[in-house]
Student: 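I have a structure here, written as structure tokens, and I will follow up with some questions on it.
Just so you know, residue 1 is the first one in the sequence shown, and it goes up from there. The basis for the numbers below is simple: all heavy atoms, side chains too, and nothing from hydrogens, waters or symmetry mates. Counting starts at 1 for both ligands and their atoms, following the listed order.
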Amino acid sequence: MQLFLDTASIKEIRTMWEIGILDGVTTNPTLVAKEGRKFEEVLREICALGVPSVSAEVVATETEGMLAEGRHLREIHPSIYVKCPMTPAGLRATRILAKEGTRVNVTLVFSANQALLAAKVGATYVSPFIGRLDDQGQVGMDLIRDIVTIYRNYRFPTKVLVASVRHPVHVLEAAKIGADIATMPYSVMEKLVEHPLTDIGLQRFLKDWEKVPKG
Ligand code: G3P
């Protein structure tokens, strides 16, 4: 399973990239706005770290605008994946961009039928937002199960990128289902690495090591 950071913070990306557990980065307009920096500048810096998959979202709402933005974004760096929203205009843009060889991440997916359509138009990734479904009282993880089943049934090559991840149990459940990728905030990825018993155990080993005769 690939692990992505859902952030536009270079500091956060660099930290996980240097540990060696990061496979990619997803950004969205909200995350970019939080950084208060120019979008392209941030994208270039992320790509320069060597991150092999960096999703950058279009903000146009009509197909022609999405195509222009998508074509521009993909020229920034070979690691860029263009994010298009799950709308009729977004599906049209995805189909055209995919035919041109651009890898498209269809975002804002909230139903299995939407995911089916995204796969049919050639999306490389589909991004179902599970946390936002949970927020509405619907079990987001059920959607992941359905999409994985549908893609397997028809051997769609589209990868399931679990988004709107809020805690480590989301990552665990997605991995058990066999989702391809989970994208998460830095705080969640940190929690995958850390465990209080690891820290307590290490402290005990170091303390006991002091009692071992040296020299
Ligand atoms: O990047 C899309 C998605 O992961 C956003 O998550 O927490 O704003 O629902 P959230």
Student: In the protein, what heavy atom is nearest to atom 4 (O) of ligand 1, and what distance, to one decimal place, separates them?
Tutor: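 Scanning the protein heavy atoms, the shortest distance from atom 4 (O) of ligand 1 goes to Asp6 OD2, 2.5 Å.
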Student: Please check if any side-chain donor atom of Thr26 sits under 3.5 Å from a side-chain acceptor atom of Tyr125, or the reverse.
Tutor: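 The criterion, which ignores hydrogens and geometry beyond distance, is not satisfied for Tyr125 and Thr26.
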Student: Please could you name the atoms of ligand 1 that Lys83 approaches to less than 4.0 Å, counting only its heavy atoms?
Tutor: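 In order of numbering, the contacting atoms are 1 (O).
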Student: Look only at the side chain of Lys83 and the backbone of Tyr81, and say whether a donor-acceptor pair between them is shorter than 3.5 Å.
Tutor: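 It does not hold such a pair.
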Student: Is there a donor-acceptor pair closer than 3.5 Å between any side-chain N or O of Thr94 and the backbone N or O of Val121?
Tutor: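 Answer holds: no.
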Student: Do NZ/NE/NH1/NH2 and the carboxylate oxygens of Arg132 and Asp135 come within less than 4.0 Å?
Tutor: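 So Arg132 does not pair with Asp135 through a salt bridge.
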Student: Would you mind checking if Arg44 and Glu40 are paired as a salt bridge, meaning a charged N to carboxylate O distance below 4.0 Å?
Tutor: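 Salt bridge: yes.
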Student: Could you tell me if any non-hydrogen atom of Asn28 lies under 4.0 Å from any atom of ligand 1?
Tutor: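 Flag set, Asn28 near ligand 1.
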Student: Please write down residue, atom name and distance for the protein heavy atom closest to atom 6 (O) of ligand 1.
Tutor: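 Result: Ser164 CA, 3.3 Å.
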Student: Note the single closest protein heavy atom to atom 7 (O) of ligand 1, along with its residue, its atom name and the distance in Å.
Tutor: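 So the nearest neighbour among protein heavy atoms is Arg166 NE, 3.2 Å.
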Student: Look at atom 8 (O) of ligand 1 and say which protein heavy atom is nearest, naming residue and atom and giving the distance to 0.1 Å.
Tutor: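 Its nearest protein heavy-atom neighbour is Arg132 NH2, 2.8 Å.
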Student: Starting from atom 2 (C) of ligand 1, locate the nearest protein heavy atom and write down its residue, its atom name and how far away it is, to 0.1 Å.
Tutor: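 Heavy-atom neighbour on the protein nearest atom 2 (C) of ligand 1: Phe129 CZ, 3.2 Å.
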Student: Around Glu62, counting heavy atoms of other residues, nucleotides and ligands shown, do more than 12 lie under 6.0 Å from its CD?
Tutor: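 Counting neighbours around CD of Glu62, 12 or fewer heavy atoms of other residues, nucleotides or ligands fall under 6.0 Å, so no.
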